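Notes follow once the structure below has been shown.
Both backbone and side-chain heavy atoms feed into the values below; hydrogens, waters and symmetry mates do not. Source: prediction; values computed, not measured.
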Amino acid sequence: MKRKLQFLTKTLLVAAALCVGSMSAWADVTPFSESYSSTSNTNGWTTGTAGRYTPAILNDGDNYFLSVDQSSTSRNNNGAIVTGSVISGKAVAGDDFTLTFDLRLGNCVSDQTPVQFDIMDASNSSAILSLKATAVNVTTWSVNNTSTTVSLPNSISAKNYSSADINGITWCSYKITRSGSFTYLTITNKATSEEILARTPIGSSSATGGLGKIVFTSKRYSSNFAIDNIVVRAVDAEADLPSVTYYLASFTDNTSGNEVTSGTTIYTDTERTTPITNGTLVDGTTYYYTATQTAYVDYQGSFTVDGTDPAVNFSMTAQPTYSYTVKAVDGSSNVLTELASGSSYNTATINYAYPEYFNVNGTLYTKAATSQIYGTSFTLSSDAQVENATYTASAYTDVIYYAEAESITGMTASNSGQGDARCSNRFGAYAGSDVEFITLPAGTYKIRAGFCGGTGTTFNINAGENVVWSAATTGSRGETDGENFTLDGSTALTIKAAGNNTVLLDNIIIQKVSTTNEVIGTADYATTFLGQKKSMTINKGQTINVTFKNYGGTSQWYNWLVRFYTTGLDNTLRADNFVLGDTEATLGTRSVKLGDADVTDWATFATQMKDATVTMTISYTAAGMFSISANAVGSSNTYVHSYAYKSALNNAINLELGVEKSWMEITSYSVTNPESVSKTISTAGWSTYCSPYILDFSSTIANLDAAYIVTGGAAGVLTKTPVTGAVPAGTGLLLMGTASAEVAIPVAATAGFDVTDNKLVGVTASETLTANSGYVLMTSPSLAFYKNNKDFTLSANSAYLPADLDGSSAPVFLLFSGSETTGINAVQGSQSKANGDYYNLNGQRVAQPTKGLYIVNGKKVVVK
């Protein structure tokens with residue numbers, strides 16, 4: 001007796017022979033047919049990504065069929081999953097059925113993974129039929145992820161993105177018959193009537209059967225499909241089933257007895273060199289096999305055919321389970337952080353994602369993408385295995401904030417579209433609404449952020465109402481630097497609403513920019529400022545030094561160097577600082593161009609200035625003198641230009657710095673702060689103060705007794721805390737010193753004194769407080785902080801207390817007769833009624849005062 005051989009890839013042990021004509025309950029099969037026409041629609045078909053692979057009714061002459069939009073807009077990008085529910089439930093689990101349909105499959109021509117087409121079972125968890133291209137740009141397809149392959153004629157799309165693309169693929173007819181636990185497949189070339197596969201048993205991963213969704217998984221670059229003439233019916237044994245009985249082999253776990261899926265190859269010889277596939281087995285003959293299965297040890301054995309029972313069971317040994325840890329390390333193998341951990345079976349492939357950067361004490365460490373993907377894998381081979389991902393220090397230092405966008409509270413995480421394939425950590429995020437993510441103290445900062453997704457979406461990060469970083473998506477991943485920006489006080493940063501699940505913000509870097517002898521290298525300017533401009537602010541007392549290099553223009557020497565624009569200058573050129581050859585006497589908005597006023601022969605000038613070096617100094621003195629001087633030393637001439645203006649109003653002037661043409665370059669740039677700042681103490685011996693610079697109070701300062709910040713305790717109680725070190729720029733301060741004396745406070749490079757709980761809010765430019773929004777230092781009727789009962793304009797470089805201090809609503813705070821003070825709730829500040837009543841410092845009215853300090857008519861009175 002001869003038996004037909006089949007080794008199924010399945011999870012259910014079938015211990016009985018399955019003979020031709022074996023029948024099940026066919027009555028539950030729901031007959032169904034769909035032959036698309038010009039009046040048909042795409043009901044039951046959906047795409048997983050809007051705008052890509054959109055289901056559509058197409059035709060090739062008189063024949064209409066279900067396909068997808070053939071335009072490049074739809075198909076020339078990362079693919080999507082197209083799903084059809086048209087046959088779902090037409091056969092339930094356990095039913096025998098036959099499903100026929102016509103199909104065109106087009107593989108992708110390059111890049112990404114191959115195309116896959118699946119007919120799912122009733123549970124939509126396993127495939128009855130799975131066709132997967134074995135590689136890109138090939139016509140060979142594996143059947144149900146086994147060694148069985150078929151060649152589908154003309155199954156590569158032409159990538160011309162038109163109806164000709166789908167019409168260039170050959171139609172094939174498919175017949176899938178499910179009988180018991182066997183699944184048989186027939187494929188016929190409709191153009192030639194040639195049978196590519198004839199009633200062949202295929203390993204099915206579904207143990208229960210039935211019909212669920214049809215799934216086409218497209219990938220990048222022109223993958224394609226079309227389907228037509230779908231029919232579900234009962235099994236016709238003579239037409240649908242083969243005429244022989246198949247031999248069934250199954251496997252169980254040898255320790256737990258659970259059924260396992262195995263890919264098995266049968267050999268006729270002990271050396272296992274001569275395999276047989278879908279051949280015949282002879283009763284009484286011994287055959288040899290090798291079984292392979294993920295998470296199990298390869299198993300070799302033999303069996304002898306017994307014609308009375310064409311089913312046999314073997315057992316496999318599970319691979320041992322090992323643990324693993326993935327660590328991010330620097331070049332010296334110092335551990336930065338743990339990336340992943342877990343356990344799996346021996347020989348398992350472990351995939352993990354990793355972020356582009358790690359912030360280590362203000363320096364970013366980076367690891368490049370692996371083939372454009374921020375993820376990689378390794379093979380698990382031992383218990384407690386440790387894998388290291390090596391990061392190297394980047395050029396990004398003084399980093400005060402780094403975050404993956406998906407980890408920011410309020411952002412919506414996604415790894416759809418390019419999120420998985422391009423984003424750091426294989427995830428990005430979008431802002432469905434504005435997301436406030438950090439509040440920065442006063443200072444100068446720079447933002448760099450990554451993004452990915454289709455073109456046309458602009459992401460913005462705002463500081464208050466001002467945009468401080470902006471980038472438009474380009475269709476791929478990008479990272480963009482913003483310009484330096486300066487905050488005068490504590491300011492919240494907001495990611496503005498933008499993006500969707502495929503257009504994503506990737507990560508955000510915020511650097512603290514030093515304004516003391518800052519030097520930016522040539523390479524930064526060569527890539528960032530070539531033909532562009534850099535916006536900046538110069539504060540009183542600062543000096544900016546810039547060096548330019550000219551590499552020789554072909555016809556004339558373009559030389560746009562600096563533009564200044566502001567209000568509050570007196571618009572008059574100083575007589576003692578003139579512009580060579582320039583008689584213009586109004587400021588307006590102007591550019592400094594070396595040679596623009598006194599050069600008439602540009603050809604000669606270009607020759608003279610070939611390979612010239614230009615040095616420029618921009619200064620804004622504490623006395624209010626704003627000046628620009630520039631010297632250009634060329635091959636045979638020197639040009640000198642000077643501009644100077646007097647300002648009595650502005651504490652800062654806005655500038656733009658840049659180069660105009662590619663043969664110019666900024667070779668050095670630095671900002672120098674003043675050594676000290678001056679402040680005159682009020683006639684009362686107390687003043688508030690705020691500076692755009694870091695101030696150092698670690699040493700004795702002439703005419704200054706003490707500097708304080710104001711911290712809060714219980715409701716309404718404030719404490720003066722002496723400052724003994726360097727405080728950050730923009731810190732609100734309370735100064736005590738010699739009345740009407742000028743003090744010189746040193747400027748420092750770094751701040752170290754903790755001002756976290758400081759209640760004083762500093763302003764470096766004049767600012768208006770709306771009524772009842774703050775406490776302002778006043779000397780009348782007595783020295784104290786009084787709540788403003790109407791709009792009040794604060795002077796530049798001053799400070800105030802906000803109105804709501806730990807729940808207090810006191811109209812007055814006294815901070816001058818001890819380390820602590822309590823709000824005097826009964827006193828109405830400078831507007832209190834002169835009624836002669838006495839109040840103690842707790843705000844309580846005293847009928848008969850004894851010795852001590854009291855408030856009477858808003859003034860301090862000592863009773864002796």
Side-chain angles (χ1 to χ4, degrees), residues 2-10 12 14 16-35 86-103 105 117-122 126-131 141 143-144 146 148-150 152 171-190 192-212 214 227-248 277-280 310-311:
K2 295 182 178 180
R3 299 288 179 182
K4 192 74 173 178
L5 168 66
Q6 183 197 24
F7 277 82
L8 287 179
T9 303
K10 64 187 202 64
L12 179 66
V14 180
L18 298 174
C19 301
V20 173
S22 174
M23 303 290 287
S24 295
W26 293 347
D28 289 336
V29 174
T30 303
F32 171 81
S33 65
E34 173 64 84
S35 179
V86 292
I87 61 172
S88 293
K90 304 306 180 185
V92 300
D95 282 351
D96 288 356
F97 63 85
T98 292
L99 167 66
T100 62
F101 54 88
D102 296 336
L103 183 67
L105 273 181
F117 177 85
D118 297 297
I119 304 290
M120 305 303 291
D121 66 6
S126 302
I128 295 295
L129 169 66
S130 180
L131 296 173
W141 301 70
V143 180
N144 285 12
T146 67
T148 300
T149 60
V150 293
L152 301 181
W171 281 109
C172 289
S173 293
Y174 291 75
K175 179 168 67 175
I176 303 170
T177 297
R178 178 80 173 191
S179 178
S181 295
F182 284 91
T183 303
Y184 303 93
L185 175 64
T186 299
I187 305 177
T188 304
N189 183 330
K190 288 195 69 174
T192 63
S193 299
E194 174 191 0
E195 283 193 333
I196 299 170
L197 211 62
R199 287 186 284 188
T200 302
I202 56 174
S204 174
S205 61
S206 174
T208 57
L211 288 173
I214 303 174
I227 195 167
D228 197 8
N229 301 321
I230 306 171
V231 175
V232 179
R233 59 174 172 80
V235 176
D236 181 332
E238 182 175 349
D240 301 335
L241 298 175
S243 57
V244 295
T245 301
Y246 286 87
Y247 194 90
L248 180 66
T277 303
N278 294 329
T280 57

Specify the closest pair of heavy atoms between A93 and A122, including all atoms of both residues, with the distance to one decimal.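 The pair with the smallest heavy-atom distance is N-CB, 4.0 Å.
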If you look at every heavy atom in G209 and D121, which pair is closest and at what distance?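 Heavy atoms of G209 and D121 come nearest at O-CB, 3.3 Å.
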Rounded distance (nearest 0.5 Å) linking atom [atom1] of [X] with atom [atom2] of [Y]:
| X | Y | atom1 | atom2 | result |
| --- | --- | --- | --- | --- |
| I227 | E34 | CD1 | CD | 10.0 Å |
| T98 | K175 | OG1 | NZ | 6.5 Å |
| I230 | F101 | CD1 | CZ | 8.0 Å |
| T177 | I128 | OG1 | CD1 | 11.5 Å |
| L103 | I119 | CG | CD1 | 8.0 Å |
| L197 | Y184 | CG | OH | 13.0 Å |

So do the side chains of [X] and [Y] get within less than 4.5 Å of each other, counting heavy atoms only?
| X | Y | answer |
| --- | --- | --- |
| I87 | F97 | no |
| I176 | T183 | yes |
| L131 | V143 | yes |
| V232 | V29 | yes |

[Y] backbone acceptor or donor facing [X] side chain under 3.5 Å:
| X | Y | value |
| --- | --- | --- |
| S130 | N144 | no |
| D96 | G180 | yes |
| T200 | A198 | yes |

Under a 3.5 Å cutoff, is there a donor and acceptor pairing between the side chains of D102 and S173? yes
Donor on one side chain, acceptor on other, R199 and T186, under 3.5 Å: no
Pair D240 + R233, salt bridge at N-O below 4.0 Å: yes
Starting from the C-alpha separation in whole Å, work towards a yes-or-no answer on side-chain contact (heavy atoms from CB on, under 4.5 Å) for L241 and F182. CA-CA 10 Å; L241 298 175; F182 284 91; over 6 Å; no
